[in-house]
Protein chains: 2
Amino acid sequence: MRATVRDVAARAGVSPKTVSNVLNGTFRVSPATRQKVEEAVAALDYVPNLSARGLRNGRTGMIAVALPDLRMSYSAEMCHHFVVAAGKRGLHVQIEETAGGVDREVELMSRARAQLIDGLILNPVRLETTAVQRAVAMPPVVLIGEVDQPIVDHVWIDNTAAVREITQLLIDEGHRRIAIVGADNTATAQVRLIGFHQALEAAGISAEAALEIPSPDWHSTDAARWFGEFLDTHDVPEAVVCMTDTLAMGVISALHDHGLSVPGDVSVVGYDNITDSATMVPALTTIDFDKQKFAETAIDVLAARIADPNRPIMSVTIPHRIMRRASTRQRSTRKTGPRKTGTRKTGPRKPSTRKG
Amino acid sequence: MRATVRDVAARAGVSPKTVSNVLNGTFRVSPATRQKVEEAVAALDYVPNLSARGLRNGRTGMIAVALPDLRMSYSAEMCHHFVVAAGKRGLHVQIEETAGGVDREVELMSRARAQLIDGLILNPVRLETTAVQRAVAMPPVVLIGEVDQPIVDHVWIDNTAAVREITQLLIDEGHRRIAIVGADNTATAQVRLIGFHQALEAAGISAEAALEIPSPDWHSTDAARWFGEFLDTHDVPEAVVCMTDTLAMGVISALHDHGLSVPGDVSVVGYDNITDSATMVPALTTIDFDKQKFAETAIDVLAARIADPNRPIMSVTIPHRIMRRASTRQRSTRKTGPRKTGTRKTGPRKPSTRKG
DNA sequence: CTGAAAGCGCTTACAG
DNA sequence: CTGAAAGCGCTTACAG
């Protein structure tokens, strides 16, 4: 049978309270007593029961992190940083996926209230239907990502500015017919699309609905399929803004399959600066931000909220910057109209079967 | 204040036991009583306290999944499948990273014993130093990956066979001077290296230590750097076996930076069939397995172990297959000696700046 | 500096 | 089909 504080106390010849004091360091305990207790703990292989402690204290030392799709490289890197940042504060992380939508988000909130977790870091999927409602008794929650709900704490990147700036970069390089991939109705896409539109408008370029290409799932394979179909039926754009690096990977793949080179024929940019974006061929120009800092900030804000539910609501913006790599280039001649697929100088070919 | 079973019972005019029966469905309850209870639950916004339930039942409904490095795309995909598979059984997943090594693994075991988690799915990093010891009182654990410890349940891929087969594929295509990237002292690398050696030996090719290239971290950027340095100082191999798809991404990047085409100059294969491997340029030939099935099997085995700690130990091998894509090709002429870098027909050039 | 007691909220034998 | 009581293992006022 598992040892309990009583067993330890009995063996050490002290009361359970003293054992607790030694374990939690709440009060000063004489060295002799401390040693007796520690010997008993070791002898009995005692491990405190966290459920009991959680019931007593109302804290379990566990938080949840809920991301839209755990399969994304972006999710992988953020999970890592959340786990590490939480670990530094003695917290453990439960992961959840919000892909299911609003129901899932609501369920996560109740689970927080069911107190196996002390708080929740939530990346909601849709703006208009967020589970975060004034009406509900709220557990400690930090929103990350695009939804700016003034009801709860919030850590984010200024997505709109970031996409505006990277679109501006493409415009400065002489591109005018610019497509955007991942333009669907998620919160992320909507907020980033605004930045895209702002940059076009500032340059006097009118937005074209046909150049706003959805990709219902944001996996690279989906982007390759959807953007590939776009290439089959439309003029080749001069540049492509991708909502994420993972989408950019699919876009580059589709361009290669159509015999188009990056950035020779088409410039491509991404968003997130995932590790793999540096080893794409070509290396990807993208939006970079300090993911470790992002995670640590979110954990800090959540910990502060857990400690004091009544503190003022915070909103923290993590800085971003453009990570310039090889996937974009200056257009030599400034073209005003759309370029026809037929005007390409070389016909389609599979670069992957080119012989050395 | 939060409502408790007592509050619900009082409001519904029944005993706490009846409330519990309604919530857990243990005994039959009359429809009228059930409705009264459900109304009270709704009215009081009652959510059961999982710490209390965990203390009482000795189960929290939470399991932990510990992977070596959460940043990997492979980890991302596995996490997704574990969370989904666990969710189907009403379980939640706590994630941990074992990169820290054995201490971390031991700590995870005690945490399991501290009973905030009912069990643990563990991918240990090193063969010889596994935290899994006969001596320690073991919580329910399922090992995944390469370590075959007959002490606990085990779900894995036959790594040795998989790498042997994919190396064999390269040999069948006429490659003889084959490098392997990621050859370090982790359990995964060691077991896969054995398969590599087996294939070479069966073909009468002697292993060359210089062709076994380590990459202390298995990120694509590390592989690009380490394999790039290898290319700077060695003859170009005819083919490269990568311990993972992520490593392959870095290897392909380094080859491009050296003006070598894949598979024109060098064939490359990976392992894992991550989603992104289909959109690499060229699409990657790799080892595929059913990740959903892998995760579900591990969860099943763990659930069975939790239900019956004394059942016989299980070991399940998930089938694998070669996913043939564009990154390998038949060598037209069979060469016996190493090819010099200088013998390439085309000089180095950056494919990324090639114009269309 | 330490001990005896109460209670966190739940579920489960034990009675009725 | 339901009620009253006990107890999971911990920590914290309350006394000494």
Side-chain angles (χ1 to χ4, degrees), chain A residues 1-38 40-41 44-62 110-118 137 139, chain B residues 1-38 40-41 44-62 90 110-118 139:
Chain A
M1 284 309 304
R2 279 172 62 91
T4 71
V5 271
R6 294 174 81 100
D7 301 323
V8 175
R11 182 170 181 120
V14 299
S15 76
K17 160 96 160 100
T18 305
V19 175
S20 174
N21 285 345
V22 170
L23 262 43
N24 300 301
T26 321
F27 291 91
R28 300 186 59 78
V29 178
S30 73
T33 308
R34 170 177 295 277
Q35 191 178 347
K36 276 192 299 182
V37 171
E38 284 169 351
V41 165
L44 297 170
D45 193 23
Y46 170 73
V47 180
N49 180 318
L50 265 40
S51 285
R53 189 179 278 175
L55 174 59
R56 174 64 234 220
N57 291 347
R59 300 275 167 78
T60 58
M62 178 130 48
S110 356
R111 183 166 170 78
R113 299 180 50 235
Q115 290 189 333
L116 255 187
I117 58 177
D118 300 336
Chain B
M1 286 307 303
R2 277 173 63 94
T4 71
V5 270
R6 294 174 81 100
D7 302 323
V8 174
R11 179 164 182 127
V14 298
S15 76
K17 160 94 158 95
T18 305
V19 174
S20 174
N21 284 345
V22 170
L23 263 41
N24 299 302
T26 322
F27 290 90
R28 299 187 60 77
V29 178
S30 73
T33 307
R34 171 178 293 276
Q35 189 176 350
K36 276 193 299 182
V37 171
E38 284 171 349
V41 165
L44 296 170
D45 195 21
Y46 169 74
V47 180
N49 181 318
L50 264 41
S51 285
R53 189 178 280 174
L55 173 59
R56 173 64 234 226
N57 292 348
R59 301 273 168 80
T60 58
M62 180 131 45
S110 1
R111 183 166 172 76
R113 298 183 50 236
Q115 290 190 332
L116 254 186
I117 56 177
D118 300 336

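Residue numbering restarts at 1 for every chain, and letters A, B, ... go by the order of the sequence lines.
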May I ask you to evaluate whether B:S20 reaches the phosphate of C:dT11, defined as a side-chain N or O under 4.0 Å from OP1 or OP2?
-> yes

Kindly determine whether A:T4 and A:N49 satisfy side-chain contact (heavy atoms from CB on, under 4.5 Å), including the steps that lead there.
-> CA-CA 8 Å; A:T4 71; A:N49 180 318; over 6 Å; no

Rounding to a whole Å, what distance do you find between A:N49:CG and D:dC10:P?
-> 6 Å

In whole Å, what is the span from the CG atom of B:L23 to the C1' atom of C:dG9?
-> 12 Å

With respect to the phosphate group of C:dG9, does any side-chain polar atom (N or O) of B:S51 fall under 4.0 Å of OP1 or OP2?
-> no

A:R59 has an atom CZ; how far is it from atom C1' of D:dC10, in whole Å?
-> 16 Å

Regarding the side chain of B:T18, the nearest nucleotide among D:dT11, C:dA4, D:dT2 is D:dT2

For B:R56, what residues pass the side chain to side chain contact (heavy atoms under 4.5 Å, CB included) criterion, not counting sequence neighbours?
-> none

Kindly point out which of D:dT2, C:dG3, D:dC8 is positioned nearest to the side chain of B:R56?
-> D:dC8

According to the Watson-Crick and G-U wobble definition with distances under 3.5 Å, which dot-bracket string, read 5' to 3', encodes DNA chain D, using [ ] for crossing pairs and | for pairs with another strand?
-> |||.||||||||.|||

Does B:T60 use its side chain to pair, donor to acceptor, with the backbone of B:G54 at less than 3.5 Å?
-> no

Of all the heavy-atom pairs spanning A:R59 and A:D118, show the shortest one and how long it is.
-> CA-OD1, 3.3 Å

Quick one: is D:dT11 close enough that its OP1 or OP2 comes under 4.0 Å of any side-chain N or O from A:N24?
-> yes

Out of C:dG3, D:dA4, C:dC10, minimum distance to the side chain of B:A52 belongs to C:dC10

Whichever of B:V19 and A:V14 has the more 5' nearest nucleotide on DNA chain C, that residue is A:V14

Which heavy atom in B:M62 sits nearest to a heavy atom in B:L116, and how many Å separate them?
-> CB-O, 3.6 Å

Find the distance B:R6:CZ to D:dA4:P and express it as a whole number of Å.
-> 11 Å

Listed by chain and number, what are the side chain to side chain contact (heavy atoms under 4.5 Å, CB included) partners of A:V19, not counting sequence neighbours?
-> A:V5, A:V8, A:A9, A:V14, A:L23, A:V37

Would you mind reading off the distance between A:L50 atom CG and D:dG9 atom P, rounded to a whole angstrom?
-> 14 Å

With sequence neighbours excluded, tell me which residues meet side chain to side chain donor-acceptor pair (under 3.5 Å) with A:Q35.
-> A:E39

In chain order, what residues pass the side chain to side chain donor-acceptor pair (under 3.5 Å) check against A:T18, with sequence neighbours excluded?
-> A:S15

Nearest listed nucleotide, side chain of A:L55, among C:dC8, D:dT12, D:dC10 | C:dC8

Side-chain N or O of B:R53 closer than 4.0 Å to phosphate OP1/OP2 of C:dT11 = yes

Taken to the nearest whole Å, CG/A:D118 to C1'/C:dC8 is 15 Å

Taking OP1 and OP2 of C:dG3, is either one under 4.0 Å from a side-chain nitrogen or oxygen of A:S15?
-> yes

Find the distance A:Y46:OH to D:dG9:P and express it as a whole number of Å.
-> 10 Å

Grab the CZ-C1' distance between A:R34 and C:dT2 for me, whole Å please.
-> 15 Å

